[in-house]
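Working notes, structure below.
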Amino acid sequence: MTLTVTDERIEAAYALLEECAVCPRLCGAARLDDEPGVCQGGVSLRVASWNLHHGEEPPISGTRGSGTIFLSGCSMR
């Protein structure tokens with residue numbers, strides 16, 4: 001099986017969850033084993049909201065705008 005760029009990015013993202021290094025806290029939680037990190041997040045993300053966003057510059061977002069996704073869980077403690 002040949003890995004695509006997308007497959008490589010997915011693997012890199014999961015590698016960050018082995019010993020959690022997703023945020024600046026670098027808590028090291030084993031989130032792939034569903035151990036909660038400082039943020040109390042496990043392996044799954046919780047989406048708080050998603051919306052259309054038309055405020056970006058056209059070179060970034062194209063002619064139809066982009067989107068925003070806000071995640072919940074981190075209390076910023």
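Positions are given from 1 along the sequence. Not measured: the values here are computed from a predicted model.
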Legend entry - Any S66 side-chain heavy atom under 4.5 Å of T68 side chain: no
Legend entry - Side-chain (R31) to main-chain (G42) donor-acceptor, under 3.5 angstrom: yes
Inset, instruction - Return the set of residues passing side chain to side chain contact (heavy atoms under 4.5 Å, CB included) with E19 (not counting sequence neighbours), or none when no residue passes. - result: none
Inset, instruction - Could you work out the complete set of other residues in the hydrophobic cluster of I10, with links drawn between I, L, V, M, F, W and Y side chains under 4.5 Å apart? - result: Y14, L16, L17, V22, L32, V43
Inset, instruction - Drop me the distance from C27's SG to E35's CD, to the nearest 0.5 angstrom. - result: 7.5 Å
Legend entry - Minimum heavy-atom distance P36-A29, with the two atoms named: O-CB, 3.8 Å
Legend entry - side chain to side chain contact (heavy atoms under 4.5 Å, CB included) against C23, all qualifying residues, sequence neighbours excluded: R25
Inset, instruction - State which residues pass side chain to side chain contact (heavy atoms under 4.5 Å, CB included) with D33; sequence neighbours excluded, sorted by chain then number. - result: A30
